[in-house]
Structure formats: C-alpha cells, structure tokens
Undergrad: 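Before we start, here is the structure in question, set down as structure tokens.
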Amino acid sequence: MALSPESMPEKPFDFRAPPPSPIASGRRSCVTNEDVLSEFLEHSLRVPDLVLPDKVFPRQNFIENPPKIDFQLLSSMESDSLSKILDSIARIGCFQLVNYGIEGECIRSALAAAAGIFQLPLEKRRAVTRSPPEKLYGFEEAHGEKEEEGEGKVSEEFVWCRGAGLKLEMEAIWPVGYSNFSEKMESLLCDIEKMAEKILMAIRQNLPPKTDYENDMKQGQGGIGSGCYVYKHSRNMSAEKCSGSLRYDVIRMLIRGFDYSHALCLHVCDGSSEFHVYSKKGWVSFCPDKDALVITVGDQTQALSGGQFKHVIGRPIYKGEEEDCISMAFLYSPPSTTNTTKVDPQKGKNTISLSQQAIAAIVLTLVYHILVFVYNKF
C-alpha cells in the first residue's frame, strides 16, 4: 500500500555527510607552524651556558716568610725593624717571634699532655662537647659517625680555658690526666701572656694617639680571658683527602672564626709544613721558621688600630707526618678588656640605685600631700 504525501513526515532525516575536518585540509600548514614555533622557542628560551669558576675559595698565595722579631730585643728594636713588623701585620696580619725565652721542655711537655685528651673514648668526649652556642670550651661537636671516629678529618679540636666549668667536666671523665694537663697549660699560658702583653704594648706605642673613646679595644666576650685551641693533626693523610678536608676547614673558619674575642693569637706549631693565614680578603701561606712562634692579629687589635691591622685566622698544616701532631693557638686578651667593664668614674659617683629612687618617690609623695593639707587648712 503506497503512502500518500500527507502521511509522510514533515521533516525527513538529513543524510548529508559532515563537513570536512579542518585538520585534514590543513595538515601541511600545521607541520610548518610547529617548525616555526620550535625554532622560536629554541632561540627565545635558550639557557646560557653556566661557567663556574675553577675555585670557589679564595686563591691560595704562597708568600715569603713574614719578618721575624727577636723578643729579647723588642724594647730596643730599631724603628726600621719595628716598621717592618707593623707593615706585615697591616698587610697579612701576622709575623714570627723568635728567642722568646720559653724553655723547649716546657712546650714539649704541654704538647705531650695534650695528646692524651684526644685518646679519650668517644662516649666521654660527648659529655664535654661545645654543643650549646654559649659554651665556649670542650671538644668540637662532630656531625655524623665518620667525624666522630675522626675519619676524613685533617685535625680535631679542643678548647681549653681557666674556667671552673671545664675543670669540673673534664675531671669527671679524666681525673688524673686532666689535672696534669691543666697544670702544664697554666704554666705555659702564664709565660705566653707575659710575651703577648709586651708585644701588644709595643704595637700600641706605635699607633696614633686615640682621640675617641669608642676606638678602644672591644670587650672580651663573657669575660673569659685567655684561652687555647688545641689541635690534633692526623698522620698519613692522602693529598686528596687532605685537600677536601682543608676546604671544609676554610669555609668553617671564615664563617665561624674564633669564638673568643682576642687581641693576639700565639701559635705553637713547630715542625709544621706550612702555615695558612685566612681572612675575608685572601688566603696566604708560607713555611714557618724552625722554633718560631707565629703571631696573628685578633679582632681587638684591629679595632684598636681603627682597621689598620688586619684580623686573620691562622692554622698550621702538617703533611707527610708518620705520627699525629699537636699544635696550640693561645688567644690573648688584656685583663682590662676581659675581667673588668669600663665605667666613667664621674658617672659612677652619681649613680642612684632603684631602691634609692623608690624611697625618694615615697618621700616626695608624702611631702606633696603634707603641703596640700597645709594649704587647704590655712
């Protein structure tokens, strides 16, 4: 039966093919655009080649040995000789001292006694580490098992001072040995302080007269006075391991420096292969003379000279030694800057305590009320 036109649907289905995809027709153009975009990104986002310097540390410069000063002739030294010393501490911050009058046996016995400190077991050392920031004495804090065992380190460090706290802690872990060591160190430090006092006096006499109270030496930190850094230098260190550990020491010293504020540092380092002097402006090294003490300038002397003399950090280096070596760095601060606080005498006489101020306030209040009462009464 044929369908009439009226029975057919009003809107028949549209079976026309969809329009062609634009991707199909523009395939060649898309490839061309991708090439252009890639070339643009390659040129505009190109990262420049980063060339790092060969050395991230200050360049090490080997110099001639600093001038030597004969301690016995210090008072009568000619001005030309003394000017060389002053020029040396202004340029590199150090000089050498010979004929200083301390018996060699006194120094050797102190060094031998100090060697026993580093033979203590690790468990006992941990009890006397300088872990809190305010603790300025004891063993250097180790980081990691290898450092605790002394592996990979050019040197180990112990800070000795006259404080009662260190004495109590060390006698608890090393009663007999520490008493002997401390006695020898006390005797040696007394001689060191006498030398340092005379040297500092000679330096101060050749400085321009002070015109400002603020140009004086800085106060010693915490009133600790003189102290000593004792180092044990490891034997048979390979060149590669020595270089790596030395770089670590350089960074640590430049960042931390010495915990003690000091005027002079006297280094007992006989037999060292080299002596390195570090500052924020450079790194120099030389071969110290036999039996000579190396004297470096501290922060207090730099402040005293108004920046004329350079504050540096010194460290002896031992290479190719078959046995462990001990060196010491005595940090000296004049008693006037470590044990006392400068007070203006005139201001000290006019000082009024808090209790006196409170009493005066009460008396003035009573007087005020009495005057008001009298005024209202009459």
Side-chain angles (χ1 to χ4, degrees), residues 61-102 107 188-189 191-210 215-218 226 228-229 257-258 260-270 272 274-317 327-334 336-337:
N61 295 319
F62 288 90
I63 60 173
E64 295 183 0
N65 285 10
K68 295 183 293 185
I69 177 173
D70 189 332
F71 180 74
Q72 303 301 327
L73 302 178
L74 183 62
S75 301
S76 59
M77 182 173 292
E78 298 178 358
S79 59
D80 291 343
S81 300
L82 187 56
S83 64
K84 293 180 180 179
I85 302 299
L86 299 177
D87 177 69
S88 180
I89 60 178
R91 288 186 300 105
I92 61 176
C94 71
F95 63 93
Q96 298 185 92
L97 187 70
V98 296
N99 196 20
Y100 39 83
I102 300 180
I107 296 178
L188 181 57
L189 181 58
D191 294 334
I192 291 288
E193 287 179 328
K194 293 177 182 178
M195 284 193 307
E197 182 181 4
K198 192 172 182 179
I199 294 170
L200 189 60
M201 185 181 301
I203 293 176
R204 297 185 67 167
Q205 288 176 351
N206 288 270
L207 289 175
K210 300 192 301 278
N215 288 335
D216 205 349
M217 291 185 180
K218 298 192 302 182
S226 301
C228 180
Y229 280 70
F258 281 124
Y260 282 78
S261 175
H262 61 286
L264 296 173
C265 183
L266 296 86
H267 300 266
V268 179
C269 54
D270 188 33
S272 60
E274 299 173 0
F275 191 89
H276 292 196
V277 180
Y278 309 101
S279 70
K280 295 181 179 180
K281 295 184 179 180
W283 172 11
V284 300
S285 58
F286 58 91
C287 298
D289 294 339
K290 183 176 176 57
D291 297 327
L293 299 181
V294 180
I295 316 297
T296 55
V297 171
D299 57 320
Q300 294 178 12
T301 303
Q302 176 175 306
L304 174 66
S305 65
Q308 178 182 350
F309 300 145
K310 184 190 301 184
H311 172 214
V312 299
I313 301 173
R315 178 67 67 87
I317 303 298
S327 69
M328 297 180 177
F330 289 89
L331 277 64
Y332 170 75
S333 296
S336 59
T337 63

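We use all heavy atoms of the structure for the numbers below, so side chains are in, but hydrogens, waters and symmetry mates are not.
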Undergrad: Does any non-hydrogen side-chain atom of Phe95 lie less than 4.5 Å from one of Ile199?
TA: yes
Undergrad: Using 0.5 Å steps for rounding, measure from the CG atom of Asp289 to the CG atom of Leu97.
TA: 11.5 Å
Undergrad: Classify the ring geometry of His311 against His262: parallel below 30°, tilted from 30° to 60°, perpendicular beyond 60°.
TA: perpendicular
Undergrad: Considering residues at least two apart in sequence or located in another chain, which fulfil the side chain to side chain donor-acceptor pair (under 3.5 Å) criterion with Asp191?
TA: none
Undergrad: A side-chain contact here means heavy atoms from C-beta on lying under 4.5 Å apart; do Val294 and Cys269 qualify?
TA: yes
Undergrad: Quick one: does Leu73's side chain get under 4.5 Å of Asn99's, heavy atoms only?
TA: no
Undergrad: Do Phe309 and Ile203 touch side chain to side chain, with heavy atoms closer than 4.5 Å?
TA: yes
Undergrad: How would you list, by chain and number, every residue that makes a side chain to side chain donor-acceptor pair (under 3.5 Å) with Asn206, sequence neighbours excluded?
TA: none
Undergrad: Evaluate the side-chain proximity of Ser261 to Ser333: yes if any heavy-atom separation is below 4.5 Å, no if none is.
TA: no
Undergrad: Taking the inter-plane angle between the rings of Tyr278 and Trp283 on a 0 to 90° scale, is it parallel (under 30°), tilted (30 to 60°) or perpendicular (over 60°)?
TA: tilted
Undergrad: Hey, could you give me the CZ/CG distance between Phe330 and Leu188, rounded to the nearest 0.5 Å?
TA: 4.0 Å
Undergrad: Are Phe286 and Cys94 side-chain neighbours, meaning at least one heavy-atom pair lies under 4.5 Å?
TA: yes
Undergrad: Measuring from atom CD of Gln308 to atom CG of Leu86, what distance do you get when rounded to the nearest 0.5 angstrom?
TA: 7.5 Å
